[in-house]
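Just below is one structure, and these are the notes that go with it.
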Amino acid sequence: MTSEWTELGADAGQASQSSVSERAFRDVMGRFATGVSVITTVGQDGTPVGMTVSSLSSVSLDPPLLLWSLRLSAPSLPTFRQAGKFAVNILPSDQEHLCRQFAQPAADKFRGVAYSRDDDGLPLLDGAVAQIVCSTWRRYPGGDHEIFLGRVRAVRAWDHDPLVYYRGRLSGLRSSADADDDASS
Ligand SMILES: Cc1cc2nc3c(=O)[nH]c(=O)nc-3n(C[C@H](O)[C@H](O)[C@H](O)COP(=O)(O)O)c2cc1C
């Protein structure tokens, strides 16, 4: 992409324009570095469900709210709608394989994954940087995605280095806690 402005007009996203505009939008948003989470929930029969998500964002402190968006065509959408609750598992730098495993539809995405369950049956991944348990507060239409607004019920965190997603690539980030330790030694 050049530094010239690319116009995304009112008809951006229509069939005639979508290839150029969608690519430009994805390219520019890919320059917003994010963490990576696996957001999990549980089916009525107890089946664990999870998917890789980078659209997580903090919304409100009082009450504590966060949001993420889920593609309307994703197979896991009906389960997230029905469950009314979900858990955010923020991935550490050494769990790139989980990012990939949970980013593809599969009958048993949890095969070989170390996890426990909270009292409501929500899957909590071992080794996460943080786990955030939410009830679904509201759901909103968001174009080809649905926006889930979660009311935060419980949190816990560790000092593992986080996984970072930037321009379509994954990398680890050394945590500032480590950097502070180095600086003082
Ligand atoms: C780094 C990364 C971030 C992603 N973020 C999202 C996201 O925020 N929302 C979304 O709907 N899909 C996102 N995806 C794609 C889903 O993980 C993927 O479509 C997954 O297969 C959905 O689960 P399901 O097929 O079991 O429904 C992301 C994929 C990757 C690799």
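Numbering of ligands and ligand atoms starts at 1, following listing order.
- Remark: side-chain polar atoms of Lys85 are not paired, donor with acceptor, to backbone N or O of Leu122 under 3.5 angstrom.
- Nearest protein heavy-atom neighbour of atom 9 (N) of ligand 1: Ser69 O, 2.8 Å.
- Using a 4.5 Å cut-off on side-chain heavy atoms (C-beta onward), Phe80 and Met51 make contact.
- What sits closest to atom 17 (O) of ligand 1 on the protein, heavy atoms only, is Thr52 O, 2.8 Å.
- The nearest protein atom to atom 23 (O) of ligand 1, hydrogens excluded, is given as Lys109 NZ, 2.9 Å; this is a heavy-atom distance.
- Here Arg100 has no heavy atoms under 4.0 Å from ligand 1, in either its backbone or its side chain.
- Of all protein heavy atoms, the one lying nearest to atom 12 (N) of ligand 1 is Met51 CE, 3.5 Å.
- By the 4.5 Å heavy-atom criterion applied to side chains, Gln131 and Asn89 are counted as neighbours.
- By heavy-atom distance, the residue among Gln101, Arg71, Arg169 lying nearest atom 11 (O) of ligand 1 is Arg71.
- Side chain of Thr41 to main chain of Ala83: no donor-acceptor pair is present (N/O by atom type, distance under 3.5 Å, no hydrogens or angles).
- For the pair Thr52 (side chain) and Cys99 (backbone), a donor-acceptor distance under 3.5 Å is present.
- In summary, the atoms of ligand 1 found under 4.0 Å from a heavy atom of Ala74, numbered by their order in the structure, are 27 (O).
- Atoms of ligand 1 found under 4.0 Å from any heavy atom of Tyr165 (numbered from 1 in listed order, with element): 1 (C).
- For the residues Ser57, Ser37, Ser76, the heavy atom positioned nearest atom 27 (O) of ligand 1 is part of Ser76.
- Residue Val38 forms a side-chain contact (heavy atoms from CB on, under 4.5 Å) with just one option from Leu125, Val53, Ile90, Val113, and that option is Leu125.
- Side-chain N or O atoms of Gln101 include one that pairs as donor or acceptor with a backbone N or O of Arg111 at under 3.5 Å.
- Compare Ala103, Ser55, Ala106 by their heavy atoms: the one nearest to atom 18 (C) of ligand 1 is in Ala103.
- Without hydrogens or angle criteria, Gln95 side chain to Ala128 main chain gives no donor-acceptor distance under 3.5 Å.
- The proximity of Phe102 to ligand 1, defined as any non-hydrogen pair under 4.0 Å, is limited to the backbone.
- For atom 25 (O) of ligand 1, the nearest non-hydrogen atom of the protein is Pro75 CD, 3.3 Å.
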